[in-house]
Chemist: 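Below is one structure. I have some questions about it.
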Amino acid sequence: MEDANTFDPDLVHAIFKLVWNRRALERERNEGADALDIQVGAGASKKNRPTYANANALKLSCELLRIFITEAVQRAATIAEAEGVSKIEATHLERILPQLLLDF
C-alpha cells in the first residue's frame, strides 16, 4: 500500500548518492595520493566498493523522514500556538530541535 504523502524514493536515493559521493571525495582528499596507489585484493577494499541502498531501505528512509518532518512541524506548531502566533518561524523549530533529535 503506497502512501501518497511520503517522499519520493528516487529523490531520497539521489540525495543519498550525492552525500555518498561527497564523502568519498573527502576521504580521497584526506588520504592523499599515496593511499590511492595501494591495491588490496580484487575489489576487497571498502573504499573501492560502491555504496547502494536497496528498495526496502529507501522506503523505510522515506517513511522515517516523513515521520520526522511531521513531528517537527507538530511540535513547532504547539510552541507557536502557545506564543499566540499563527505562523511557524525558524525560532520555533530551533527550540524543538534538540529534544526532537534526542527522541529520534
Side-chain angles (χ1 to χ4, degrees):
M1 179 160 119
E2 292 293 319
D3 185 9
N5 294 328
T6 192
F7 290 94
D8 180 19
D10 292 332
L11 174 64
V12 172
H13 187 245
I15 293 169
F16 285 173
K17 285 175 65 173
L18 179 67
V19 170
W20 294 333
N21 288 336
R22 285 183 180 172
R23 287 192 178 166
L25 290 174
E26 287 175 13
R27 249 191 325 266
E28 288 176 10
R29 226 178 304 132
N30 290 339
E31 291 173 356
D34 297 347
L36 295 177
D37 294 333
I38 300 173
Q39 294 181 357
V40 181
S45 175
K46 183 177 181 180
K47 54 188 159 178
N48 292 336
R49 291 184 298 194
T51 305
Y52 66 94
N54 67 27
N56 288 333
L58 286 173
K59 285 181 185 178
L60 183 62
S61 296
C62 290
E63 183 63 14
L64 181 62
L65 187 58
R66 184 189 67 79
I67 292 170
F68 184 83
I69 298 297
T70 302
E71 185 67 23
V73 169
Q74 288 175 350
R75 290 184 188 193
T78 302
I79 298 292
E81 186 178 309
E83 292 179 353
V85 181
S86 61
K87 184 178 177 183
I88 297 173
E89 298 175 2
T91 56
H92 300 124
L93 292 168
E94 290 171 356
R95 288 175 55 190
I96 60 100
L97 190 59
Q99 186 62 46
L100 181 67
L101 291 174
L102 287 172
D103 292 344
F104 273 80

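What you see is a predicted model, and the numbers here were worked out from it, not measured in a lab.
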Chemist: Is there a path of hydrophobic side-chain contacts, each under 4.5 Å between heavy atoms, that joins Val19 and Leu64?
Modeler: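 Each belongs to a different hydrophobic cluster.
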Chemist: Do Ile67 and Leu102 land in one hydrophobic cluster if side-chain heavy atoms of ILVMFWY residues count as linked below 4.5 Å?
Modeler: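 No; tracing contacts between hydrophobic side chains, which count when under 4.5 Å, never links both residues.
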Chemist: Determine, for Glu63 against Lys59, whether the closest basic-nitrogen to carboxylate-oxygen distance falls under 4.0 angstrom.
Modeler: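 No, this pair does not count.
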Chemist: Would you check if there is a donor-acceptor pair between the side chains of Glu26 and Asn30 at a distance under 3.5 Å?
Modeler: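 No, because no side-chain N or O of Asn30 sits under 3.5 Å from a partner of the opposite role on Glu26.
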Chemist: Between NZ of Lys17 and CG of Asp10, what distance do you get to the nearest 0.5 Å?
Modeler: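 The CG atom of Asp10 is 10.0 Å from NZ of Lys17, to the nearest 0.5 Å.
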Chemist: Hey, quick one: are Val85 and Ile96 part of the same hydrophobic cluster, counting side-chain heavy atoms closer than 4.5 Å, chains of contacts allowed?
Modeler: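 Val85 does not cluster with Ile96.
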Chemist: Looking at side-chain heavy atoms only, is the closest gap between Glu83 and Glu89 below 4.5 Å?
Modeler: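 Side-chain contact under 4.5 Å: no.
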Chemist: Are Leu58 and Leu65 connected into the same hydrophobic cluster when the rule is that any two of I, L, V, M, F, W, Y join if their side-chain heavy atoms are below 4.5 Å apart?
Modeler: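 Yes, because Leu65 and Leu58 connect within a single hydrophobic cluster, where side-chain heavy atoms sit under 4.5 Å apart.
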Chemist: Measure the NE2-CG distance between His13 and Asn54 for me, rounded to the nearest 0.5 Å.
Modeler: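 With rounding to 0.5 Å, NE2 (His13) is 9.5 Å from CG (Asn54).
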Chemist: If you look at every heavy atom in Cys62 and Pro9, which pair is closest and at what distance?
Modeler: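 In terms of heavy atoms, the two residues are closest at SG-CA, 3.6 Å.
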Chemist: Please name the pair of heavy atoms, one in Ala72 and one in Leu93, separated by the smallest distance, quoted to 0.1 Å.
Modeler: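 Heavy atoms of Ala72 and Leu93 come nearest at O-CD2, 4.0 Å.
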Chemist: Supply the atom-to-atom distance Leu97 CG to Arg75 CZ, rounded to the nearest 0.5 angstrom.
Modeler: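 So the gap between those two atoms works out to 10.0 Å.
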Chemist: Same cluster or not: are Leu60 and Phe16 linked, directly or through other Ile, Leu, Val, Met, Phe, Trp or Tyr residues, by side-chain heavy atoms under 4.5 angstrom apart?
Modeler: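 Leu60 and Phe16: separate clusters.
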Chemist: Using side-chain heavy atoms (C-beta onward) and a distance below 4.5 Å, is Phe68 in contact with Asp103?
Modeler: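 Side-chain contact under 4.5 Å: no.
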Chemist: Which heavy-atom pair separates Ile79 from His92 by the least distance, and what is that distance?
Modeler: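 Scanning both residues, the minimum pair turns out to be CG2-CD2, 3.6 Å.
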Chemist: Of all heavy-atom pairs between Ala76 and Ile88, which one has the smallest distance, and what is that distance?
Modeler: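 Taking Ala76 first and Ile88 second, the nearest heavy atoms are CB-CG2, 3.7 Å.
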